[in-house]
Amino acid sequence: MKILVVNCGSSSLKAGVFEIGDQSVELFKATYERFAAGSCSFKITRDGAKQTGQAPYGDISAVLAALPDILAGQGIEGLDAVGHRIVHGGETFRATTILDAPTIAAIEALTPLAPLHNPANLLAVRIATEVWPDLPQVAVFDTAFHATNPPRATTYAVPKAWREAGLRRFGFHGTSHKYVAIRAAEEIGTPVRDLRIISVHLGNGASVCAVNHGESLDTSMGITPLEGLVMGTRSGDVDPGLFGFLSRQHGRSIAEIEDALYSESGLKGLTGSSDMRDIEARAGDGDADAQLAVEIYAYRARKYIGAYAAAMGGLDAVVFTGGIGENSPSMRRRICDGLEFMGLRLDLDRNQKVDLANHAAPQIQAYGARVRVLVTETAEQLMIARETAAALAPEASVPEPIPVSVSARHVHLSRAAVDALFGVGYQLTPDMPLRQPGQWAAAERVTLEGPKGKLERVAILGPERPRTQIEISRTDGFTLGIDAPVRDSGKLDDTPMVRLVGPNGSLDTDGLIVAARHIHITPQEARRLGLANGMLVDVRIGDDERGLVFGKTLIRVSTRAVTEMHIDTDEANAADIRVNGEGSLVPGLRAVAVANRDP
Ligand code: ADP
């Protein structure tokens, strides 16, 4: 598919054309900016060749209207769709969305959340719809990747009325964080859902994102792109008490303070320049303000890396991107120095000699370091093109009912655990066969104990496993007083400890998880439905008023499987399923399922 990507800001227009297939190819890229007196400057890259100069367009609308001619002049024809970058999707847009009149109106309604960006983005949508009335127009949101952030990460501790009015953290740069996490995983050679990655995007705007097993868990920007890291002209984190202080003591208005936090702060506020190249050069010449700015910048970024490693309970890779992340070896080094205690160590030569040509993502950690460190150019436009193509992909399958089975809390015990709980050499008693062949529920039961409470008579499922695994619901986690992570079965590293109590003794063990929902399926049925092992799909369960779409459901193909979806009791209650229900792949969301899939 040939996709035109349009990224329209308040003072510049970036466009790109990509051929998206098995391989993605960039055909054309252009930037138009510095509009004044009927002209603007442009940069065009076509087949690797660069061209720069002045063009006769006085504003962004004029460039947009001329795009068909500009593309034709470059020999580019036969577009299939237009993908638009939309900065703020609010709570409404959690995934890439095809633009129609109601969608555009809903994006317009979000303008108060992004007063500079969304109107500029929508201007491009309007003009592109007039210029290419027959092409699908697709919105890719900066906020959408962070839709998976849990409430504990998105909720500000402020009065209920404010929260009900929509005050919450959203996060931005989502397309960039998603792209670089996927690119880093590709480079490492491990599926992104098996990695805990921190993506550090350091451009004029800057943010960090904890990408936990392929999903954004937390990110440093908030309801606006002001929170978090020190940026070119934005302050990042400040004490909100400064509003009262500056208003009372210095008579500043809210608008003045907000404006200064956006435009006169960050590197510019500290040094007078927002350009890291200048600042690093001045710091080298002994300028004390520039030296302090470099230190503050690195310190803030390092704090976030530590915080997000803690939030994920571990760290496999850090990936740097954005103008500063890509081009400043000394800033990367300052940020990483001091993180050796986490297993993060740079190789100083590799850090110095980073070459990012052809979407390279070099690894720059020291040999033997536990945490990988990568650098890569962000490619938001390519990602927008991919998401656009995925949203328009024809459906591979018709809806098919899939049996749904509800897993109540249970444990799988290792030999050592059976010995500790029931006595050395004890054999569990198979009581009831389960639908998955060879598996059974035992007659015996155990008690789970946490710091807050107990769960008694918890089922034991056999046969024994090499490692003990305890599967509970989120609600059970509150009963026990332990925050268990959502994990695929068997992925037990860095999971919390819990006490198991049996008739013969007790055992403190890790392995406590909330099981990620999944579908067991045979290879034949998977082929028939167009599914593959490791894919994530959306599944609708129930059509009544309690019906739900369960996103990101993992497909587990096995020759020994009986096709069935497994959800836990919280999920079943939410969809009003008593014991068993029926689900079907959601045809309308099939495109989203493809977009969510691991590379
Ligand atoms: P944007 O967020 O506007 O896309 P960029 O990602 O282009 O911004 O990043 C711009 C920042 O990158 C500027 O602060 C610039 O000074 C910095 N930068 C670019 N090249 C270098 C370099 N070689 N060394 C240090 N900083 C650099």
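Just so you know, ligand 1 is whichever comes first in the structure, and atom 1 is the first atom listed for that ligand. Just so you know, residue 1 is the first one in the sequence shown, and it goes up from there. Side-chain atoms are counted along with the backbone in the values below, which use heavy atoms only and exclude waters and symmetry mates.
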* Looking only at distances, please establish whether an N/O atom of ligand 1 is found under 3.5 Å from an N/O atom of Ser328. => no

* To do: Step by step, work out the salt bridge (charged side-chain N to carboxylate O under 4.0 Å, His left out) result for Asp142 and Arg85.
  => CA-CA 7 Å; Asp142 269 25; Arg85 175 193 184 203; 2.6 Å; yes

* Tyr367 six-ring face occupied by Arg350 cation (under 6.0 Å, within 45°) -> yes

* Asked: Identify the closest protein heavy atom to atom 17 (C) of ligand 1: which residue and atom is it, and at what distance?
  -> Ile324 CG1, 3.4 Å

* Asked: Protein heavy atoms: any of them under 4.0 Å from atom 5 (P) of ligand 1?
  -> yes

* Should the heavy atoms of other residues, nucleotides or ligands under 6.0 Å from NZ of Lys14 be counted, would the total exceed 12? -> no

* Asked: Tell me, which protein residue and heavy-atom name are nearest atom 27 (C) of ligand 1, and how many Å apart are they?
  -> Arg277 CG, 3.7 Å

* Asked: Could you walk me through whether Leu99 and Val138 pass the side-chain contact (heavy atoms from CB on, under 4.5 Å) check?
  -> CA-CA 5 Å; Leu99 285 158; Val138 175; 5.8 Å; no

* Structure fact -> Ranked by distance from atom 2 (O) of ligand 1, the top protein heavy atom is Asn204 N, 2.9 Å

* **Nearest neighbour in protein (non-hydrogen) for atom 18 (N) of ligand 1** => Gly323 O, 3.7 Å

* Asked: So, is the end of the Arg302 side chain (NZ or CZ) under 6.0 Å from the ring centre of Tyr304 and within 45° of the ring's axis?
  -> no

* Relative to atom 20 (N) of ligand 1, which among Thr378, Asp278, Asn327 owns the nearest non-hydrogen atom? -> Asn327

* Structure fact -> Note: ligand 1 atoms sitting under 4.0 Å from heavy atoms of Ser274 are 14 (O)

* Asked: Quick one: does Gly322 get within less than 4.0 Å of ligand 1, heavy atoms only?
  -> yes

* Would you call the rings of Phe93 and Phe141 parallel, tilted or perpendicular, where under 30° means parallel and over 60° means perpendicular? -> parallel

* **Residue part near ligand 1, for Met331, under 4.0 Å between non-hydrogen atoms** => neither

* **Ring centroid separation His201 to Phe320 under 6.0 Å** => no

* Considering distance alone, does some N or O of Asp275 sit under 3.5 Å from an N or O of ligand 1? -> yes

* Identify, by atom number and element, the atoms of ligand 1 in contact range of Gly205, meaning under 4.0 Å from any of its heavy atoms. => 2 (O)

* Asked: So, for His146 and Phe172, is the gap between ring centers shorter than 6.0 Å?
  -> no

* Which residue, Thr155, Asp218, Thr224, Thr219, forms the side chain to side chain donor-acceptor pair (under 3.5 Å) with Arg169? -> Asp218

* To do: Can you pull out the closest protein heavy atom to atom 14 (O) of ligand 1? Residue, atom name and distance to 0.1 Å, please.
  => Met276 N, 3.1 Å

* **ligand 1 atoms in contact with Gly203 (distance to a heavy atom under 4.0 Å)** => 2 (O), 5 (P), 6 (O), 8 (O), 9 (O)

